[in-house]
**Q** 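Let me give you the structure first, and then I'll get to my questions.
Chain letters run A, B, ... following the sequence lines, proteins first, then strands; residues in each count from 1. All values below come from the heavy atoms of this structure, side chains included, with hydrogens, waters and symmetry mates left out.
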Protein chains: 2
Amino acid sequence: MRKSKKERQACLQETIKENPFVTDEELANEFNVSVQTIRLDRMELAIPELRERIKYVAEKKMQDEVKSLPIEEVIGDIIDIELDKSAISIFDVKKEHVFTRNGIARGHHLFAQANSLAVAVINDEMALTGKADIRFVHPVKEGDRVVAKAKVIRSEKLRTIVEVASSVGNEVVFQGEFSMFRAPSSEKEEKNETGN
Amino acid sequence: MRKSKKERQACLQETIKENPFVTDEELANEFNVSVQTIRLDRMELAIPELRERIKYVAEKKMQDEVKSLPIEEVIGDIIDIELDKSAISIFDVKKEHVFTRNGIARGHHLFAQANSLAVAVINDEMALTGKADIRFVHPVKEGDRVVAKAKVIRSEKLRTIVEVASSVGNEVVFQGEFSMFRAPSSEKEEKNETGN
DNA sequence: CCGCTATTAGGACTAGGTACTAAGAACAGT
DNA sequence: ACTGTTCTTAGTACCTAGTCCTAATAGCGG
């Protein structure tokens with residue numbers, strides 16, 4: 001049975017939305033109408049042609065291609081930093097950071113924020129995490145803004161101890177002590193204990 | 001001045017790679033040759049036509065659209081799992097995982113692999129990391145394949161201790177002990193110590 | 001039966017190509 | 001200087017997935 005115009009157009013919109021790669025001809029077969037009818041429908045619904053749709057998808061891809069590499073250098077936005085002393089970053093928990101089942105943030109994102117802040121606070125060419133002792137104190141949910149504060153506790157020639165505490169509002173959600181290796185430019189791999 | 005065929009083809013390949021949206025005509029103008037020459041070049045270099053290129057980009061986008069939410073549930077591919085006992089996952093280190101300056105993987109990726117494996121090995125609705133004690137033993141480089149092995153050490157009512165050891169080849173690169181909370185479905189937030 | 005909307009058919013044209021033939025240009029080897 | 005080879009260009013027919021436009025027909029309400 002053929003659907004009414006309204007039904008068909010609603011259905012068409014849905015179909016194209018979830019599969020932009022479908023041609024007018026395929027749609028015509030699916031809905032048992034002529035290609036021209038499909039074209040008229042697209043007109044009325046202001047849906048662009050196949051090639052435009054594909055192009056649009058590809059362009060979006062290009063856009064977040066550039067987004068997804070350099071930004072990851074530091075997880076969260078550093079809002080204050082005093083090299084070799086302290087640093088603060090904020091990280092907004094979005095839906096891609098949480099378990100779909102319960103909306104609780106995955107631990108590695110909190111770790112990543114803290115760890116990259118510990119790396120950033122060190123005033124050297126390169127810093128690598130050697131050890132870390134961490135504690136997830138309280139669950140973090142989608143929509144929360146996590147503020148991480150890093151403090152340099154002790155600094156030896158090679159090893160630096162950084163303490164990071166993250167909180168949402170007044171509540172501490174994460175604590176960690178990071179033992180960092182400083183690597184002043186040269187590419188030596190000092191035996192044992194090294195890392196990221 | 002017009003480039004030699006070899007030069008032009010190398011250049012063309014580069015140009016298309018970083019801007020797949022360029023037409024043969026535009027390329028012909030850029031290199032001061034005819035459209036046909038560009039077509040022959042594409043033939044020889046086995047570069048598909050504009051529309052195919054765009055389609056390919058768009059399809060990739062669609063692919064990692066689905067990849068970037070549910071698949072991130074576990075970082076790395078689980079290749080073996082025995083619930084509440086042990087699990088193994090592999091993680092290939094790509095350029096987006098390393099510091100651009102020295103090609104060494106950022107610690108939080110190794111942590112993420114280990115942590116999500118620790119979550120996965122637990123046979124319960126939900127598991128959250130409470131504490132973790134981790135050690136980056138050796139730096140991991142771009143191209144390395146990291147194999148993480150998780151073993152459940154001890155299991156109480158609420159708390160489970162999971163040990164994870166990651167290695168590249170025969171060399172251990174990361175060790176961690178994760179103290180996990182099991183959360184059997186209900187949304188209780190048992191005071192103190194919880195996390196991801 | 002008239003009028004209206006919806007649908008369908010057809011023709012002309014478009015972009016951005018493929019596939020093929022054919023001819024001229026550039027240059028090297030002898 | 002002539003020949004052979006590669007490179008480049010031109011031109012044609014054809015393709016897909018459309019646009020834009022005109023015109024004919026189908027189905028149905030009043």
**Q** Does a side-chain N or O of A/Arg51 approach OP1 or OP2 of C/dT14 to a distance below 4.0 Å, or not?
**A** no
**Q** Will you find, in the side chains of B/Arg154 and B/Thr160, an N or O donor that is under 3.5 Å from an N or O acceptor?
**A** no
**Q** Could you state the atom-to-atom distance from CD1 of B/Ile38 to P of C/dA19 in whole Å?
**A** 17 Å
**Q** Take the protein atom CG of A/Leu27 and the nucleotide atom C1' of D/dT16, then report the distance between them rounded to whole Å.
**A** 16 Å
**Q** With a 4.0 Å cut-off on heavy atoms, is B/Arg53 in touch with a base, just the backbone sugar-phosphate, or nothing at all?
**A** nothing
**Q** Nearest to the side chain of A/Arg8, which nucleotide is it out of C/dA9, C/dA6, D/dT9?
**A** C/dA6
**Q** If I take atom CG in residue A/Leu12 and atom P in nucleotide C/dT7, what distance separates them, rounded to the nearest angstrom?
**A** 12 Å
**Q** Under the salt bridge (charged side-chain N to carboxylate O under 4.0 Å, His left out) rule, what do B/Asp84 and B/Arg182 come out as? Steps first, then yes or no, please.
**A** CA-CA 11 Å; B/Asp84 279 328; B/Arg182 341 182 115 249; 2.6 Å; yes
**Q** Looking at every strand, decide which applies to A/Val33 at a 4.0 Å heavy-atom threshold: base, sugar-phosphate, or nothing.
**A** sugar-phosphate
**Q** Consider the side chain of A/Arg39, meaning its heavy atoms from C-beta on, and name the nucleotide among D/dA10, D/dG18, C/dG17 that approaches it most closely.
**A** D/dG18
**Q** Of all the nucleotides listed (C/dT7, D/dC20, D/dT19), which has the minimum atom distance to the side chain of A/Leu40?
**A** C/dT7
**Q** Should the ring pair B/Phe111 and A/Phe111 be called parallel, tilted or perpendicular, given that the plane angle runs from 0 to 90° and is split at 30 and 60?
**A** parallel
**Q** From the set D/dT8, D/dA17, C/dG17, return the single nucleotide nearest to any side-chain atom of B/Asp24.
**A** C/dG17
**Q** Any side-chain N or O of A/Thr37 under 4.0 Å from OP1/OP2 of C/dT8?
**A** yes
**Q** Select one nucleotide: of C/dG17, D/dT9, C/dG10, the one nearest the side-chain heavy atoms of A/Gln36.
**A** C/dG10
**Q** Take the protein atom CD of A/Glu25 and the nucleotide atom C1' of D/dG18, then report the distance between them rounded to whole Å.
**A** 11 Å
